Protein chains: 2
Amino acid sequence: MKLEEAKRNFVEAWGTLGTNWGINRTMAQIHALLLVSEEPLSTDEIMEILDISRGNTNMNMRALIDWGLAERKIKLGERMEFFIGEKDIWKVAVKIISERRKREIDPLRTTLRDLKLIDDKTEKKEEYQKFIKLLDDIDKLAESTDKVADKMVSADKNWFFNSMMKLIVK
Amino acid sequence: MKLEEAKRNFVEAWGTLGTNWGINRTMAQIHALLLVSEEPLSTDEIMEILDISRGNTNMNMRALIDWGLAERKIKLGERMEFFIGEKDIWKVAVKIISERRKREIDPLRTTLRDLKLIDDKTEKKEEYQKFIKLLDDIDKLAESTDKVADKMVSADKNWFFNSMMKLIVK
DNA sequence: CTGAACTTTCAAAATATTTTGAAAGATTTA
DNA sequence: TAAATCTTTCAAAATATTTTGAAAGTTCAG
């Protein structure tokens with residue numbers, strides 16, 4: 001396998017994987033392409049390489065920028081915009097985790113809190129308590145996840161790998 | 001809000017959330033319904049409550065069993081099958097994590113390994129090394145995730161919450 | 001200004017996923 | 001063994017998501 005071929009395969013594989021992570025195929029492929037590109041790429045280059053339309057490229061490029069996984073790069077003297085991907089894979093992971101937290105954990109916890117506002121506390125006491133326990137248990141897990149995500153954002157790669165090492169070895 | 005209403009809302013909320021976790025809406029709703037049901041439920045009851053077809057119920061019920069999130073329960077003297085959900089939310093989380101690991105991390109790591117089999121090591125030396133570094137970095141993250149998932153499966157709830165606490169507080 | 005170069009939007013088309021429901025398959029009872 | 005009861009399958013229909021591409025919008029050099 002040649003380097004170029006391996007890169008192409010990587011773009012495809014990343015596209016497939018993205019689907020499992022709330023990132024659509026094209027968005028993941030553009031991201032992968034930027035990851036393996038030495039130079040910033042223009043919209044036209046991305047369209048050409050991935051064989052997708054201008055609209056599709058534009059929408060997914062904006063989504064990537066919105067997620068903090070890519071940014072615009074203006075080249076002096078060039079009218080066109082170029083894009084570069086976040087190359088540090090640790091930062092990529094942190095960005096994806098933060099974004100998902102924002103979109104999933106926060107709304108989940110809000111919903112759980114609302115559900116606890118049950119007013120027939122006196123009826124079906126046992127059933128009521130079991131339900132509240134379920135909500136609390138889910139919230140506890142969500143809280144842990146949330147806090148770890150929070151810590152990841154402020155801490156760094158080494159902190160993470162050291163912590164994981166301790167966690168696993170013990 | 002009454003208890004029954006809160007439970008209905010929970011089923012809906014869980015359904016929405018599931019979508020983000022590779023679990024389709026119906027599958028997540030059936031799961032939520034089983035979570036809040038004191039008694040085992042039959043296919044007909046699930047169909048009735050969630051207002052879905054028999055085929056849909058059957059397929060998603062099997063998926064839940066496959067994921068280890070529900071099991072069949074035979075009632076003596078009853079012809080019909082009943083289903084119960086895994087009530088321990090910690091175990092639910094562990095099951096989902098294990099399942100996703102099996103479906104995502106393992107294949108990812110295999111792909112990464114294959115991609116490293118590039119034979120033009122001599123050409124474009126720097127570009128080659130950067131690409132290999134990217135693959136290695138992704139693999140390192142995947143490995144950590146994998147090991148933690150592994151540990152979660154064999155360890156228990158308390159271990160998890162204690163570890164998380166230490167991670168966060170420090 | 002004006003027009004060329006580029007970016008953004010969005011309705012319609014293409015594609016992918018989920019759901020239905022009727023038919024076929026099992027299993028148990030009489 | 002036949003009928004009744006329940007489970008499973010799967011092609012077709014319904015829904016949901018993604019992609020296209022042409023038109024509208026924006027920016028900027030001349």
Side-chain angles (χ1 to χ4, degrees), chain A residues 11-12 14-34 40-67 69-84 100 103-104, chain B residues 11-12 14-34 40-67 69-84 100 103-104:
Chain A
V11 171
E12 277 177 23
W14 204 242
T16 307
L17 192 80
T19 309
N20 301 322
W21 286 89
I23 295 169
N24 76 44
R25 207 179 61 225
T26 304
M27 183 172 160
Q29 284 185 348
I30 295 179
H31 179 236
L33 182 60
L34 294 176
L41 297 177
S42 66
T43 297
D44 287 270
E45 285 167 320
I46 295 170
M47 285 169 62
E48 161 79 20
I49 298 172
L50 298 180
D51 191 21
I52 56 178
S53 73
R54 186 171 300 282
N56 196 6
T57 306
N58 186 269
M59 281 180 132
N60 284 295
M61 217 38 254
R62 313 189 108 236
L64 282 173
I65 291 168
D66 185 44
W67 280 61
L69 295 174
E71 58 184 49
R72 284 173 214 281
K73 165 94 186 175
I74 307 299
K75 283 194 191 174
L76 280 178
E78 292 260 24
R79 185 77 172 276
M80 226 183 272
E81 288 181 339
F82 289 80
F83 302 97
I84 54 179
R100 294 199 60 170
R103 291 169 198 226
E104 293 166 28
Chain B
V11 171
E12 275 177 24
W14 204 242
T16 306
L17 192 80
T19 308
N20 301 320
W21 286 89
I23 294 170
N24 76 44
R25 206 179 65 226
T26 303
M27 182 171 162
Q29 284 184 348
I30 296 178
H31 179 236
L33 182 61
L34 294 176
L41 297 177
S42 66
T43 297
D44 287 271
E45 286 168 318
I46 295 170
M47 285 169 63
E48 162 78 20
I49 299 171
L50 298 181
D51 191 21
I52 55 176
S53 73
R54 187 171 298 281
N56 197 7
T57 306
N58 186 269
M59 281 181 131
N60 284 294
M61 219 35 256
R62 315 190 104 233
L64 282 172
I65 291 169
D66 185 44
W67 280 61
L69 295 173
E71 57 182 50
R72 285 173 213 280
K73 165 95 185 175
I74 307 301
K75 282 193 190 175
L76 280 179
E78 292 261 24
R79 187 76 172 275
M80 226 181 275
E81 288 181 337
F82 290 80
F83 302 96
I84 53 178
R100 294 199 59 170
R103 289 167 200 229
E104 294 165 30

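Quick note on labels: first sequence line is chain A, next is B, and so on, each numbered from 1. This one's a predicted model, so the numbers in the text were calculated from it and none came from an experiment.
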Exercise. Take the C1' atoms of the five end pairs on each side of the helix from C:dC1-D:dG30 to C:dA30-D:dT1, get both axes, and report the angle to 10 degrees.
Key: 10°
Quiz item: Could you give the CG-to-C1' distance, from A:N58 to D:dA23, as a whole number of Å?
Solution: 14 Å
Exercise. Using whole Å, report how far CD of A:E78 lies from P of C:dA4.
Key: 20 Å
Self-check item: nucleotides 10-26 of chain C: protein proximity per nucleotide (B base, S sugar-phosphate only, - neither; heavy atom, under 4.0 Å)
Solution: B-------SSBB-----
Quiz item: How far does CD of B:E48 sit from CD1 of B:I46, to the nearest 0.5 angstrom?
Solution: 12.0 Å
Quiz item: Can you tell me how far P of C:dA5 sits from NZ of A:K75, to the nearest Å?
Solution: 19 Å
Self-check item: Distance, rounded to the nearest Å, where A:R62 contributes CZ and D:dG25 contributes C1'
Solution: 12 Å
Between side-chain atoms of residues 22-34 of chain B and protein atoms elsewhere (two or more places apart, or another chain), which donor-acceptor pairs fall under 3.5 Å?
{"residue": "B:N24", "atom": "OD1", "partner": "B:T26", "partner atom": "N", "Å": "3.0"}
{"residue": "B:N24", "atom": "OD1", "partner": "B:M27", "partner atom": "N", "Å": "2.9"}
{"residue": "B:N24", "atom": "ND2", "partner": "B:N60", "partner atom": "OD1", "Å": "3.3"}
{"residue": "B:H31", "atom": "ND1", "partner": "B:W14", "partner atom": "NE1", "Å": "3.0"}

Quiz item: Within this structure, what is the CG-to-C1' distance between B:D66 and D:dT8, rounded to whole angstrom?
Solution: 15 Å
Quiz item: Could you state the CE-P distance from B:M61 to D:dT7, rounded to the nearest angstrom?
Solution: 11 Å
Practice problem: Please identify each residue that fulfils salt bridge (charged side-chain N to carboxylate O under 4.0 Å, His left out) with B:E104, with sequence neighbours left out. | Solution: B:R100
Quiz prompt | Non-neighbouring partners of A:D51 that pass salt bridge (charged side-chain N to carboxylate O under 4.0 Å, His left out), sequence neighbours left out | solution = none
Exercise. List for me each residue that meets side-chain contact (heavy atoms from CB on, under 4.5 Å) alongside B:M59, sequence neighbours excluded, and say none if there are none.
Key: none
Quiz prompt | Pairs where residues 56-67 of chain B contributes a residue and the test salt bridge (Lys or Arg N to Asp or Glu O under 4.0 Å) is met, not counting sequence neighbours | solution = B:D66-B:R103
Self-check item: Rounded interatomic separation in angstrom, taking CD from A:E45 and C1' from C:dC6
Solution: 14 Å
Practice problem: Measure the distance from CE on A:M80 to C1' on C:dT8 and round it to the nearest whole Å. | Solution: 16 Å
Quiz item: Of all residues at least two apart in sequence or in a different chain, which pass the side-chain hydrogen bond (donor to acceptor under 3.5 Å, both in side chains) check with A:D44?
Solution: A:R54
Quiz prompt | CG on B:L69 to CG on B:L64, rounded to 0.5 Å | solution = 6.0 Å
Check residues 72-82 of chain B and write down every donor-acceptor pair under 3.5 Å in which the side-chain atom is one partner and the other belongs to a residue at least two apart or another chain.
{"residue": "B:R72", "atom": "NH1", "partner": "B:E81", "partner atom": "OE1", "Å": "2.8"}

